[in-house]
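Here the structure is laid out as structure tokens; the discussion comes afterwards.
Below, chains carry the letters A, B, ... as their sequence lines are ordered, and counting in each starts from 1. The basis for the numbers below is simple: all heavy atoms, side chains too, and nothing from hydrogens, waters or symmetry mates.
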Protein chains: 2
Amino acid sequence: MHNNLGAIEATADACYNIAAVERDTGLSKDTLRVWERRYGFPKPLRDRHDERLYSLPELEKLRLLRLLIDSGHRPGKIINRSVSELTQLLSSRAPAQNTPPEIQVMIELLLRHDVENFRNALQQALMKQGLLRFVSETVTALNHWIGEAWLAGRVAIFDEHLYSEHVQNILRNAIIAQPGRGSAPRVLLTSLPGEKHRIGLLMVEAVLAAEGAACVALGTETPVIDIKNAVPAYEVDIVALSFSSAVTQSAALAGLSELRGLLPDGTEIWGGGGALARTRKAPEGILLLRSFDDMRYALERWRVEHARR
Amino acid sequence: MHNNLGAIEATADACYNIAAVERDTGLSKDTLRVWERRYGFPKPLRDRHDERLYSLPELEKLRLLRLLIDSGHRPGKIINRSVSELTQLLSSRAPAQNTPPEIQVMIELLLRHDVENFRNALQQALMKQGLLRFVSETVTALNHWIGEAWLAGRVAIFDEHLYSEHVQNILRNAIIAQPGRGSAPRVLLTSLPGEKHRIGLLMVEAVLAAEGAACVALGTETPVIDIKNAVPAYEVDIVALSFSSAVTQSAALAGLSELRGLLPDGTEIWGGGGALARTRKAPEGILLLRSFDDMRYALERWRVEHARR
DNA sequence: ATTGTGCATTTGTCATGGACATTATTGAGT
DNA sequence: ACTCAATAATGTCCATGACAAATGCACAAT
């Protein structure tokens, strides 16, 4: 489909079509074409129908560029540098700041691909700290470090995937193990389309479960309309949305406002996560949560307000 | 961003731009534009810069069309029918075949949005049947039913999301609870970009864990190159990929072949899932698994072949 | 009755180049 | 130092044409 299996080519590795490159780099087709037009890179070969065929080195350089752009560089400044220069740029980023030793140990294990002991270390931290502290300290710190290291190219994608899977396992396990069914308020938890990070969501669920709220977790990427429909179906009091730093602040705020317009006034909307960390003023009718403590206060407030009846 | 908050419009609901519609319907921008050109639907309003503004009814009809096309209808035949006709088409699909009573009970609970009891029913089934039978019977049947019902529009997206989350919780919990660390072979588990369904992957992981294999689970959507890099890093013997029916058979086979070309001969590649169910002949060097029993045999075979050393 | 083959039609993806929205950067004015 | 406007950069959208890939159909062969 997107490569010429069996066809003998002058350059055997020029075999990625534009759709494959979009998938593997996260750069849209439009962006790929406009870069070629403006900056002259990438300059893929063409097949007999004039369709682009990217080579493996091009694809790798594009992935490097993507990383650098995500960490703040501008395309025009770096797109025509050599791969070795780009690699150097990546590694010259500021190293991680002071990380507590327990975190350091876990990171070591992850980088050594020592799956079993990494899992054990997580589990032990959870046991030692309890769910609330585990989430608000250990997982938060790990997330932060992994995000940094990913931008700096120190961890591979698959390391990050593995990390995510294991933290999910631990958190989901801990959530199930919470005593009691959870009572008021009922909170619907999800993210909007485009936001794929599940860990933030699970962290919120863990804290809410620990505080005895009833969670309805819908996973990631629920379209706004479906959230609207889910609210009456599950009779929830609060909709909580998570936005990682992968989304822009404006996109997050627009999504929140759109949802606010669709939900009844009695339903609260809470938003939190990296994308909203620097937001000063919340849109009308939205509660911004900048920390897990914020969330616990908000929960407390809700319960006080709805106690008398 | 994608809606005109505050701006007063003749039709207040014409506020979705093409990117928002792409996200919420899964239809590509190219497809949306070409439908408009060829069939005259959708016919969005334009903003002052001639950019498309889709209305809510259009968006809803597009989602309906998407459902029908996924279940086998052709765009040209149905695109100009009315919403009520389309709804009728959906509901006139073949009803679910004979479902065992326990499954029926769970479905009832899910449709009634009775989160707690649904969870309990799953947990009880797991206890009663053990992990292997729970996966190969109950979860398989539920998946099948939910997939059907989703196509037929009998369950909402949020129901499906909730289902997925709960089954994930149960399976991940069960996997962690497996005794022992797992020994040879080491199996890397993931899916290719575009394949977002996690449950199939977790089912495989559960079965492998129950059989005592060591799993390295990377979650969904790992680019092929990253799989290639992960194989030596985690020293895996086998790469197992899952393809749900949401992917086309040809895309699945192309992905498998591409991966085969990148991995050393000593590393086995296993593929399974709905997309490959009807595939007769596996590509060279790929092992197709059509059932969980197939997988257990394959595991057995691998262990026999690698026993002497 | 089922399976295979070739042809016609349908449908989605890709290409081009221009326009402009959005986001960052720069520079001037409190 | 901070805010705000002007400027530059970057990405998204548009129209239209072309064609690859998927599907359906008619007919032959098992």
**Message:** Reading DNA chain D from 5' onward, which residue's closest nucleotide shows up sooner: Val34(B) or Glu51(B)?
**Reply:**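 The residue mapped nearer the 5' terminus is Glu51(B).
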**Message:** Let me spell it out: for each of Ala19(B) and His49(A), pick the nucleotide of DNA chain D with the closest heavy atom. Which residue's pick is nearer the 5' end?
**Reply:**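 The answer here is Ala19(B).
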Atom-to-atom span, [atom1] of [X] to [atom2] of [N] - whole angstrom:
X: Ile69(B); N: dG24(D); atom1: CD1; atom2: C1'; result: 16 Å
X: Glu22(A); N: dG12(C); atom1: CD; atom2: C1'; result: 14 Å
X: Leu32(A); N: dA15(C); atom1: CG; atom2: P; result: 10 Å
X: Ile78(A); N: dA24(C); atom1: CD1; atom2: C1'; result: 15 Å
X: Phe41(A); N: dT10(D); atom1: CZ; atom2: P; result: 15 Å
X: His73(B); N: dT23(D); atom1: NE2; atom2: C1'; result: 15 Å
X: Lys77(A); N: dA24(C); atom1: NZ; atom2: P; result: 15 Å
X: Asn17(A); N: dA15(C); atom1: CG; atom2: C1'; result: 13 Å

N or O in side chain of [X] less than 4.0 angstrom from [N] OP1/OP2:
X: Ser28(B); N: dT13(C); value: yes
X: Arg52(B); N: dC13(D); value: no
X: Tyr39(A); N: dA9(D); value: no
X: Lys29(A); N: dT13(C); value: no

Considering only [options], which nucleotide approaches the side chain of [X] most closely?
X: Arg38(B); options: dG17(C), dC14(C), dC19(D); answer: dC19(D)
X: Arg37(A); options: dG17(C), dC13(D), dG11(D); answer: dG17(C)
X: Thr31(B); options: dA15(C), dG11(D), dT13(C); answer: dT13(C)

With distance as the sole test, does [X] use its side chain to make a donor-acceptor pair with the main-chain N or O of [Y] at under 3.5 Å?
X: Thr25(A); Y: Val21(A); answer: yes
X: Arg66(B); Y: Gly26(B); answer: yes
X: Glu58(A); Y: Lys43(A); answer: yes

**Prompt:** Would Arg46(A) and Glu36(A) satisfy salt bridge (Lys or Arg N to Asp or Glu O under 4.0 Å), going step by step from the backbone distance to the final call?
**Reply:** CA-CA 13 Å; Arg46(A) 302 301 183 111; Glu36(A) 184 178 342; 3.2 Å; yes
**Asked** Around atom OH of Tyr39(A), are there more than 12 heavy atoms of other residues, nucleotides or ligands at under 6.0 Å?
**Response**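 Yes.
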**Request:** Can you check whether any acceptor in the base of dG17(C) is under 3.5 Å from a donor in the side chain of Arg33(A), or vice versa?
**Result:**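 Answer no: no donor N or O sits under 3.5 Å from an acceptor.
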**Message:** Whether the side chain of Arg74(B) and the base of dG24(D) hold a donor-acceptor pair under 3.5 Å is what I'd like checked.
**Reply:**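 Result: no qualifying N/O pair found.
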**Prompt:** NA contact type, Asp30(B), heavy-atom cut-off 4.0 Å: base, sugar-phosphate, or nothing?
**Reply:**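 Counting heavy atoms under 4.0 Å across all strands, the contact made by Asp30(B) includes a base.
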**Asked** Are Asn17(A) and Tyr54(A) close enough that a side-chain donor and a side-chain acceptor fall under 3.5 Å?
**Response**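 No - no donor-acceptor pair under 3.5 Å links their side chains.
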**Message:** If you assign each of Asp50(A) and Gly76(B) to its closest nucleotide in DNA chain C, which residue comes earlier from the 5' end?
**Reply:**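 Result: Gly76(B).
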